[in-house]
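Below you'll find the structure, written out as structure tokens, and then a few comments.
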Number of protein chains: 2
Amino acid sequence: MLNSEFNITFCRGICYNGPSEFYFFYTIMQPIAQTMRKQVFVLKYVKEHPWHIIEDGYHPEDNRLFESLMSLGNGHMGHRGNFEEDYSGDSLQGSYAAGVYYPDKTRVGWWKNGYPEYFAKVLNGTNVIGIHVEIDGETVDLGKTEPINFTRILNMKNGCLDRTFTYKTNNKTFDFKIKRFVSYDNVEIGAISYEIKSHDKAIIKFMPYLDGNVHNEDANYDEFFWENCSSSCDKSVAGISMKTKKTGFTVNASMKSKLVLSNNAGDTPEVFATPTEITQEDKYVEHVFESEVLPGTSITLHKFFSLVTDRDHLLENLETYCNNQVDYAFSEGFVTLFAAHAGKWADIWKEADIEISGDVGAQQGIRFNIFHMKQTYNGEDPRLNIGPKGFTGEKYGGSTYWDTEAYCLPFYLSTSHAEIPRNLLVYRHNHLEKAIENAAKLGLKGALYPMVTMNGEECHNEWEITFEEIHRNAAIAYGIFNYIRYTGDSDYLAEYGLDVLLNISRFWADRVNYNPYKDCYMMLGVTGPNEYENNVNNNWYTNLMASWTLEYTLESLKYVQESDPSRAEAILSKYDFKSEELSEWEVIIKKIYLPEIEELDVFAQQDGYMDKEQILVSELDPSNLPLNQKWSWDKILRSCFIKQADVLQGIFFLSERYDLDTKRRNFDFYEPRTVHESSLSPCVYSIIAGEIGYHDKAYELYQRSARLDLDNYNNDTDDGLHITSMAGTWMSVVYGFGGFSTTEGKPKFSPFLPKNWNALNFHMLFRDRLLVVHINNNEVKIQLESGEALTIEIYGKDYSLSTSAPVISKIRN
Amino acid sequence: MLNSEFNITFCRGICYNGPSEFYFFYTIMQPIAQTMRKQVFVLKYVKEHPWHIIEDGYHPEDNRLFESLMSLGNGHMGHRGNFEEDYSGDSLQGSYAAGVYYPDKTRVGWWKNGYPEYFAKVLNGTNVIGIHVEIDGETVDLGKTEPINFTRILNMKNGCLDRTFTYKTNNKTFDFKIKRFVSYDNVEIGAISYEIKSHDKAIIKFMPYLDGNVHNEDANYDEFFWENCSSSCDKSVAGISMKTKKTGFTVNASMKSKLVLSNNAGDTPEVFATPTEITQEDKYVEHVFESEVLPGTSITLHKFFSLVTDRDHLLENLETYCNNQVDYAFSEGFVTLFAAHAGKWADIWKEADIEISGDVGAQQGIRFNIFHMKQTYNGEDPRLNIGPKGFTGEKYGGSTYWDTEAYCLPFYLSTSHAEIPRNLLVYRHNHLEKAIENAAKLGLKGALYPMVTMNGEECHNEWEITFEEIHRNAAIAYGIFNYIRYTGDSDYLAEYGLDVLLNISRFWADRVNYNPYKDCYMMLGVTGPNEYENNVNNNWYTNLMASWTLEYTLESLKYVQESDPSRAEAILSKYDFKSEELSEWEVIIKKIYLPEIEELDVFAQQDGYMDKEQILVSELDPSNLPLNQKWSWDKILRSCFIKQADVLQGIFFLSERYDLDTKRRNFDFYEPRTVHESSLSPCVYSIIAGEIGYHDKAYELYQRSARLDLDNYNNDTDDGLHITSMAGTWMSVVYGFGGFSTTEGKPKFSPFLPKNWNALNFHMLFRDRLLVVHINNNEVKIQLESGEALTIEIYGKDYSLSTSAPVISKIRN
């Protein structure tokens with residue numbers, strides 16, 4: 001019995017093992033679920049629809065799951081899809097402000113020197129969406145009185161959460177219709193329209209409130225993370241100000257509401273902008289609006305709220321500013337505000353949409369991923385990054401993993417204007433000094449970026465990850481390379497990139513050790529992307545990417561020395577780089593040890609990989625899967641089974657170095673040994689499978705991540721969504737099916753269309769141009785929607801593309 | 001600042017990494033401390049004395065340390081050296097009953113499949129030694145009123161804790177003299193004599209009590225571990241009964257006291273056996289004795305207590321039995337009880353004493369170790385084992401580590417009659433089914449004994465130790481071999497040993513994997529005794545001991561098949577051993593892979609050892625030491641530095657397999673790379689150093705552990721003593737300086753005398769004989785004190801030894 005208890009705990013996150021272990025995909029469950037979804041609807045949580053996420057009917061047992069799926073966010077703030085009114089059923093209340101965190105004291109079983117003292121946790125903050133509702137003096141609570149014809153719908157087209165249901169109490173009937181959004185147009189405000197249409201005469205009371213009595217379920221020591229809570233309240237505006245302990249962030253929330261009474265004759269509605277009563281406590285403020293409703297009339301509360309922090313504004317102005325924001329929202333009104341918000345979403349979709357024809361579930365899945373990526377990060381603030389759960393939950397904390405550079409950056413490169421991915425890079429630049437401290441803490445030179453971080457300091461505390469999964473450092477260097485390759489913004493090097501590259505390279509040069517017996521440089525004691533092996537020697541991927549970093553750094557240095565010599569000199573001097581050190585890097589590049597399995601002519605994942613018993617996943621009894629749930633950690637570590645792309649990750653990153661035969665040999669060797677128990681695995685394999693002509697395999701692998709959260713394959717969506725992995729799914733479509741790549745300012749495509757689909761269209765931004773790629777069973781058509789003409793490549797052939805005419809090529813499937 | 005806070009936490013035990021990480025010896029501090037101890041006394045806590053541990057003067061700042069050093073125990077119960085009267089200063093109250101534990105819920109940062117759910121914690125139980133003392137209505141509290149001429153002395157000769165001091169209050173003067181012991185003669189009782197001699201007229205009140213309001217400082221979640229507490233109290237006897245949560249052990253304590261008033265004329269003292277008042281609460285009982293004292297007279301409270309558990313007696317009789325025990329103690333009286341107790345200690349010393357002439361500090365140190373080993377484990381109960389802190393503290397929990405077989409067993413073999421070490425082995429036999437479950441939990445066949453345990457279940461929770469430090473299994477097999485080799489009790493195999501051996505061997509055979517490329521059996525993913533490398537492949541020691549286990553198991557099976565064929569058959573059948581499985585073992589034994597460093601002709605600690613940068617400890621700036629405090633865990637793991645004997649441990653265990661040259665080559669290679677940051681390291685190196693003629697080195701290494709706790713080198717003695725490591729020190733003397741070994745019933749000696757000593761004498765039991773070995777600068781003299789004549793070997797030459805005359809040989813130094 002207790003074992004199963006622990007397994008549940010395991011699933012729900014105590015065991016979180018790093019960004020790529022967000023979920024271990026149910027290799028068995030997933031195809032079954034896929035089938036059932038099409039056939040009997042038993043495992044399907046969400047109704048299929050191209051633009052909507054629909055909870056059809058009332059499912060209190062899955063409320064947390066739907067709350068996660070229907071989270072709203074705008075890059076500045078966000079909430080889980082909680083009900084506005086009181087709810088006594090199971091719920092995870094979540095209201096988050098980007099960049100506001102608390103350094104929760106580390107909890108470990110056994111301390112190791114070098115562990116960080118704190119783990120930055122995302123903070124659950126003031127509840128801004130709450131409205132107590134009473135009918136004839138009785139509180140509306142769907143946990144106590146079950147609603148009829150309940151639907152909860154996340155509209156991804158316009159970023160709105162809609163809820164409708166019928167509620168019967170004391171033989172009276174009421175139709176509820178609730179809309180909520182957090183504005184993408186003015187990210188500090190949000191609004192709720194809460195309408196009740198009455199079939200009977202009744203007294204309805206709305207009590208919109210702000211509540212600072214909140215806690216984090218995921219706190220390590222059950223602490224309350226806030227202090228200095230104060231409130232203000234008059235008959236117009238009410239506010240709560242709270243300050244985080246230790247970090248001292250002040251977050252202010254304000255609200256202002258009005259009541260709209262419409263009769264059934266279509267007359268101009270009566271509007272009450274002043275509450276009848278107010279309540280004010282330290283951490284709680286409330287306005288009371290009350291009115292009688294007659295049969296057939298409706299009563300609507302419009303609640304406007306603002307949430308602002310002293311990260312963005314001077315503390316002394318914060319309260320005034322916050323009240324001004326809510327005043328502005330109030331005066332604009334719900335409809336106008338919403339129109340501005342929806343307009344922003346229309347702009348986003350214009351540049352980032354992917355249309356799939358012939359598979360509504362796939363269409364819904366890919367839009368769901370794009371929608372949540374855009375909700376999580378709007379790219380305006382280089383102090384922010386892409387949290388593992390965005391605004392959808394509080395688990396894991398931290399906000400930045402190597403996922404950002406390795407998986408998310410390509411998404412933002414292609415769906416946003418260049419300053420947005422650039423801000424992701426500047427974030428790391430701004431943390432350079434912390435990364436240097438982090439390396440020093442381990443006794444190493446240069447910069448080691450953290451495994452998990454909020455403000456640049458390491459948060460993670462498992463030695464085999466924190467100290468050893470250092471390949472993350474290379475992803476940060478690769479991000480710079482990738483950004484410049486895509487955007488052509490080489491000036492980034494002089495401004496921000498070079499100092500980061502130099503210090504990462506210095507770390508690598510210190511971390512390798514020369515082996516005089518074998519005359520090569522080795523890297524001992526690392527964990528590669530495959531976290532199912534820990535503390536191995538000479539992980540091929542890590543060694544490859546380390547030496548690649550050294551090469552790219554030297555190239556970049558040369559570029560800056562030529563383009564901006566005084567800047568180059570200043571950087572070298574600031575960090576005391578001498579020519580001897582740089583010469584040493586040349587030697588390391590030449591003598592880096594990259595293990596191979598000679599008899600098979602494939603790269604060796606690590607020194608001891610072939611000493612392991614070699615079994616294929618297909619040879620395992622399926623009852624062993626997922627390994628992460630069925631096997632002991634000991635057995636997993638000693639097995640040859642691979643959690644996620646490792647050698648293949650290197651081949652994906654440095655794709656142009658390897659010919660198709662090499663890719664195919666390594667794919668053929670590693671894919672059958674890979675269990676893909678990480679969301680970050682199938683997309684990489686899928687892309688390479690597409691490239692080497694394994695189209696069915698590519699589609700099969702794509703399916704493994706496309707509807708992960710929507711179908712709750714990992715059984716943990718109730719904790720929040722797997723935000724960073726969503727970008728991988730996007731890559732599978734654009735880089736995989738679209739066969740996209742780029743060098744020297746030229747976008748290249750080698751598309752194919754999955755058999756089950758009729759057509760695939762995707763939009764992408766490329767160097768101030770908007771491209772639309774149409775793929776169907778006959779042809780590939782690429783249009784330039786806006787921007788200057790350019791050369792593109794399709795299946796290896798160059799074409800000139802201008803806005804005047806699309807380029808069309810026959811499809812090669 | 002916070003870093004240093006964490007370092008302190010680290011020292012004090014959060015980071016406890018396994019039995020052998022009890023302390024990381026202050027390589028730098030130790031020689032300094034040794035020097036200072038001789039010269040300026042600054043770092044010396046304890047006054048030197050051959051038989052006493054003396055706190056000379058009042059040292060409240062070191063009170064916890066002295067409480068640890070002066071702990072009393074008798075194998076059944078024990079207490080730290082706490083004061084009986086109230087004490088408002090810093091103190092760790094500790095009162096423990098052997099075998100009574102609580103399964104505290106595991107605390108980890110990141111859960112891994114296979115971790116145990118609980119960690120069995122030693123329980124702090126009812127305070128039985130407490131006596132409130134009031135003088136003229138004012139509580140005696142040395143934390144508030146500093147005593148004069150304070151001494152606290154642990155008398156190791158008779159197992160008694162003595163305390164004397166002068167106490168001045170309200171211009172009155174009192175001389176206190178307190179004696180306490182827990183009986184080695186009747187292990188369920190103890191007694192205190194609390195005498196106050198008054199220089200002035202005063203009213204003195206004694207309130208002996210039992211108090212169940214106790215907690216464990218080391219609880220993972222601050223839980224109270226007891227339930228169902230009840231009390232009984234009348235004017236004769238008072239008692240507390242408490243039951244542990246979850247495990248349901250009931251522990252009863254009773255007390256009975258009398259007051260003795262002596263005048264200064266030497267008249268027969270007045271005795272008051274009945275208290276004037278009583279107090280009874282759920283978890284607390286108290287008797288009040290009060291009397292006026294006149295100048296020059298003394299007043300003495302004799303408190304007798306008993307502590308019994310339902311582990312030993314029927315629950316329904318427990319209270320009666322407990323009261324009967326305390327009645328017995330009361331009626332015998334303090335003096336008689338003490339005489340019986342002291343007599344037992346005299347017997348122990350007769351058989352186990354080691355005398356060192358010329359170095360009082362060394363003499364005190366070795367007796368301190370023997371004394372605490374004997375206090376911790378009396379060998380009468382095969383359900384008990386040797387806890388890491390014995391009865392001296394609550395840290396770490398569990399009671400059994402591989403230390404028992406590898407380090408402690410030799411001590412009990414030579415200082416106790418055979419049934420006592422035999423019980424240590426039976427303990428493991430009784431846990432066989434749990435060990436089989438433990439292996440199954442990791443997905444393996446056979447038996448894997450736990451890293452840390454109380455009742456056979458694994459308690460530890462660090463994957464690299466719990467799942468990987470599996471060499472512990474071999475130590476258990478080796479313990480059986482070692483016991484039979486020493487005692488000649490081959491019948492043990494049929495009765496208890498064979499099933500253990502077979503199941504451990506089955507584990508090894510499943511844990512190795514055949515490598516077809518290299519045609520050998522490998523063992524991947526292990527942690528050897530050197531815990532400064534984790535998750536390595538082919539640790540030489542582990543592979544060696546695994547294949548040795550298979551060999552010894554097959555030999556043992558053959559022995560039982562010949563001596564008791566039906567028993568052999570029954571065991572094979574019970575565990576379903578077929579001949580094919582046993583044949584496979586033969587193949588593994590032949591093809592086990594034992595890595596070597598060919599160019600140096602030494603054994604390789606593990607596959608990747610020579611890929612590491614090779615540096616010697618002597619080449620390190622001393623400011624790097626101890627590594628465990630100065631370096632990050634990452635840096636330690638990647639270094640070539642060795643925490644404790646690893647290859648050398650194998651050479652020590654299977655000594656007869658290796659010639660002196662091989663031993664010397666391996667010692668010469670590994671010792672300069674070993675930092676000895678484990679108490680279990682120097683003794684093994686010291687013994688081998690002695691054997692290969694490095695006598696000064698042997699003595700230097702011996703010094704590293706001899707006074708570990710007495711001089712508090714690890715700065716953590718306040719948590720309790722390092723019990724299991726004490727046996728290693730004993731081995732350094734008997735196996736090292738004494739050069740003792742044995743095969744085929746013949747004790748062998750190749751002694752040498754450390755330069756600083758004048759003489760070394762040790763007693764040892766061997767197959768119902770008592771030997772005394774005298775070593776001085778001229779000769780070795782071996783006497784047979786009792787038992788039948790036998791053949792012994794000195795420096796490779798056989799001698800007949802009988803009680804009629806000693807054997808004398810010239811010393812070879």
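By convention in this document, chain letters (A, B, ...) are assigned in the order of the sequence lines, proteins followed by strands, and residues within each chain are numbered from 1. Predicted model, so just to flag it, every value in this text is computed and none were measured.
Between chain B and the residues A:L442, A:N513, A:N220, the most heavy-atom pairs under 4.5 angstrom are made by A:L442. For the set A:E533, A:Q614, A:K630, A:K635, the count of heavy-atom pairs under 4.5 angstrom toward chain B peaks at A:K635.
A salt bridge does not link B:R638 to A:E468: none of the charged side-chain nitrogens sits closer than 4.0 Å to a carboxylate oxygen.
Residue contact with chain B, scored on non-hydrogen atoms closer than 4.5 Å, involves the backbone and the side chain of A:D611 alike. Interface residue B:L524: backbone and side-chain heavy atoms are both found under 4.5 Å from chain A. Neither the backbone nor the side chain of A:I636 comes within less than 4.5 Å of any heavy atom in chain B. In this structure, chain A has heavy atoms under 4.5 Å from both the backbone and the side chain of B:N461. For A:E599, the part sitting under 4.5 Å from any heavy atom of chain B is the side chain, from C-beta outward, and nothing else.
Using modelled atom types, no side-chain atom of A:N537 and backbone atom of B:G608 make a donor-acceptor pair closer than 3.5 Å.
Crowding of B:K245 atom NZ: a count of heavy atoms from other residues, nucleotides or ligands under 6.0 Å exceeding 12. No more than 12 heavy atoms of other residues, nucleotides or ligands shown are found within 6.0 angstrom of CD on A:E598. Counting non-hydrogen atoms of neighbouring residues, nucleotides and ligands closer than 6.0 angstrom, the NZ atom of A:K445 reaches no more than 12 such neighbours.
Relative ring orientation between B:W463 and A:W633 is described as perpendicular, the plane-to-plane angle rising above 60° on a 0-90° scale split at 30° and 60°.
Annotation: the span from B:N534 atom CG to A:K112 atom NZ amounts to 6.5 Å, rounded to 0.5 Å. To the nearest 0.5 Å, the span separating CG on A:N515 from NZ on B:K612 amounts to 13.0 Å.
A search for side-chain contact (heavy atoms from CB on, under 4.5 Å) contacts involving A:P595 returns A:N538, A:W540, A:Y593, A:A604, A:D607, not counting sequence neighbours.
Under the side chain to side chain contact (heavy atoms under 4.5 Å, CB included) rule, A:N535 has a single partner from B:V536, B:N535, B:D634, which is B:N535.
In this structure, B:E613 and A:M522 have side chains that are not in contact, with every pair of non-hydrogen atoms separated by 4.5 Å or more.
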